[in-house]
Amino acid sequence: MSFRPACVDSSGPQYRRGVLAIDFGAALRMSRNDDPGRVTEILVRAARGLRASDVVVYLIDFGQTVLQPLPDRTVHPDLPMTEDVATTLAGRCFRDQCIVTAKRDDGIRIWAPVIEGSDRTGVLAVTVAAADDATFTACEELGLFAGYLIAAQARCTDMYNLHRRRRNMSLAASMQWDLLPPLVMNTGAVSIAGLLEPAYDVGGDCFDYALNGPTFDFVIMDAMGHGIASSVIASLAMGSYRYDRREGRALEVIHRNLSSTIASYYRDASFSTGVLGRLDVATGMLSWTNAGHPVPLLIRGGHVVKQLVCPPTPPWGTLMRDPTVATESLEPGDFVLLYTDGVSEAHTPGGEHFGLERLIDLIDRSASELQRPQQILHTLIRAVSDHLKGDPHDDATFVLLRWDGPKNDVEPNP
């Protein structure tokens with residue numbers, strides 16, 4: 001077994017001379033008028049340029065623990081077993097986002113990451129007779145192509161969603177997952193990742209983000225209660241947030257409107273806590289408000305250096321108060337961690353809370369400037385799950401933002 005980084009220059013001479021020719025145009029034309037569930041078949045045809053066989057696409061399940069194979073109805077009547085992320089070569093490819101190879105009797109098995117935009121969603125496996133740098137590069141690009149195909153076709157079929165379900169999902173969880181953006185986005189200047197547990201039964205927790213020119217907006221929410229009732233509150237709150245964000249409104253206006261929207265539709269004590277954030281990508285100036293939510297943490301140099309304190313208002317939907325907009329100047333490489341109370345208050349019945357001190361200690365021991373946000377979050381969510389010895393009794397959600405300084409093409413906000 002061997003592996004190599006996924007960052008390869010695809011403009012190398014062997015690739016440009018067409019030694020390994022993948023006709024992406026023909027594959028796109030095929031997908032335009034085909035069954036949206038036939039992505040694997042399209043990739044099998046595209047992989048002929050690699051003289052590849054035994055093509056399998058694996059999608060990560062919602063719990064981020066198992067890679068589930070998609071069926072190829074032409075050549076794979078018997079599906080291979082699922083691949084465990086923690087112990088298999090396919091899992092290593094997914095975790096480390098790198099090419100992984102292994103010699104076999106019929107050639108070399110290659111696993112390449114499947115990426116939808118920035119979100120790692122699976123692994124593409126192919127077998128070739130022999131492999132060199134041009135082959136690895138072609139496999140990486142085929143994995144990227146697979147991600148974009150799946151992202152486009154998933155709007156027209158439930159097949160890809162269903163193949164990511166390792167077990168039955170509650171109605172509330174299905175509603176929450178439909179609210180979420182991709183779990184990962186990387187732009188070079190800013191990156192963000194989010195994770196939720198229990199993935200198949202999450203209720204009121206959700207998050208969102210959007211990069212619009214030099215402005216990066218994000219939010220984390222925790223609607224009261226459990227099950228469908230909390231999912232409905234979260235849906236309303238998220239709709240209000242996205243509407244105001246797209247209208248270009250100020251944070252304090254979005255904050256007030258969130259509270260008034262929930263209050264106008266619920267005459268009882270229904271509410272949601274949350275943190276609204278806005279980052280100027282060119283300068284690193286972070287602004288945020290807090291609606292009765294756990295305080296975010298600033299991580300610098302691999303250590304928690306402070307809590308990002310902001311005078312909170314009551315939760316959205318309760319007493320109306322004008323929010324305070326706090327600010328912090330980030331340095332390149334800084335992380336901002338947001339989380340819900342299902343993290344800090346996680347405990348077994350009668351057991352000890354996971355707690356803020358334990359969380360900070362874990363970050364100080366495991367966070368690194370060299371790690372991507374999604375890698376750090378997997379360590380954190382695994383620790384919470386281990387502390388609970390099973391699924392959380394409450395939703396536990398992390399969102400981790402990293403600012404790496406401005407890109408040359410990002411202009412400061414006026």
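Because the structure is a prediction, the values reported are computed rather than measured.
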Could you tell me whether a side-chain N or O of [X] sits under 3.5 Å from a main-chain N or O of [Y], the two making a donor and an acceptor?
X: R256; Y: P323; value: no
X: S31; Y: L28; value: yes
X: S230; Y: G227; value: yes
X: S264; Y: T261; value: yes
X: H293; Y: Y339; value: yes
X: Y209; Y: P182; value: yes
X: W403; Y: V281; value: yes

Legend entry - Candidate list T215, T327, D217, T289, test side-chain hydrogen bond (donor to acceptor under 3.5 Å, both in side chains), partner R278, passing option: D217
Inset, instruction - Apply the side-chain hydrogen bond (donor to acceptor under 3.5 Å, both in side chains) test between N161 and each candidate in R164, H163, R165; give the one that qualifies. - result: R165
Pairwise side-chain contact, [X] with [Y], heavy-atom cut-off 4.5 Å (strictly under):
X: E328; Y: K306; answer: yes
X: L196; Y: F62; answer: no
X: F136; Y: T101; answer: yes
X: L400; Y: L380; answer: no
X: P113; Y: C93; answer: yes
X: F94; Y: V114; answer: no
X: Q307; Y: L356; answer: yes
X: S174; Y: M169; answer: yes

What distance do [X] atom [atom1] and [Y] atom [atom2] have between them, rounded to the nearest 0.5 Å?
X: W177; Y: L183; atom1: CH2; atom2: CG; answer: 5.0 Å
X: D322; Y: S259; atom1: CG; atom2: OG; answer: 10.5 Å
X: L179; Y: M221; atom1: CG; atom2: CE; answer: 9.0 Å
X: L338; Y: L401; atom1: CG; atom2: CG; answer: 8.0 Å
X: W288; Y: L276; atom1: CH2; atom2: CG; answer: 12.5 Å
X: Q68; Y: L70; atom1: CD; atom2: CG; answer: 9.5 Å

Legend entry - Modelled atom types, side-chain donor and acceptor of T340 and D222, under 3.5 Å: no
Inset, instruction - Determine whether the side chains of D61 and Y200 contain a donor N or O and an acceptor N or O closer than 3.5 Å. - result: yes
Neighbour count >12 (heavy atoms, 6.0 Å) for atom [atom1], [X]:
X: R249; atom1: CZ; result: yes
X: E247; atom1: CD; result: yes
X: R166; atom1: CZ; result: no

Could you pull out the closest heavy-atom pair between [X] and [Y], with the gap in Å?
X: S235; Y: M175; value: OG-CE, 4.4 Å
X: R300; Y: S329; value: NH2-O, 3.9 Å
X: A193; Y: V184; value: CB-CG2, 4.2 Å
X: T65; Y: I60; value: N-CD1, 4.0 Å
X: L50; Y: A138; value: CD2-CB, 3.2 Å
X: A131; Y: V128; value: CB-CG2, 4.2 Å

Inset, instruction - Could you go through the side-chain contact (heavy atoms from CB on, under 4.5 Å) check for Q97 and R372 one step at a time? - result: CA-CA 11 Å; Q97 291 295 278; R372 293 181 290 266; 3.7 Å; yes
Inset, instruction - Step by step, work out the side-chain contact (heavy atoms from CB on, under 4.5 Å) result for V275 and V399. - result: CA-CA 11 Å; V275 171; V399 176; over 6 Å; no
Inset, instruction - Kindly determine whether R245 and D208 satisfy side-chain contact (heavy atoms from CB on, under 4.5 Å), including the steps that lead there. - result: CA-CA 11 Å; R245 184 190 71 203; D208 195 31; 2.7 Å; yes
Inset, instruction - Give the ring-plane orientation class for W316 versus H255, where under 30° counts as parallel, over 60° as perpendicular and anything between as tilted. - result: perpendicular
Inset, instruction - Have a look at L67 and tell me which of D84, T82, V85 forms a side-chain contact (heavy atoms from CB on, under 4.5 Å) with it. - result: V85
Legend entry - Worked verdict on E83 versus V123 for side-chain contact (heavy atoms from CB on, under 4.5 Å): CA-CA 10 Å; E83 300 278 359; V123 170; over 6 Å; no
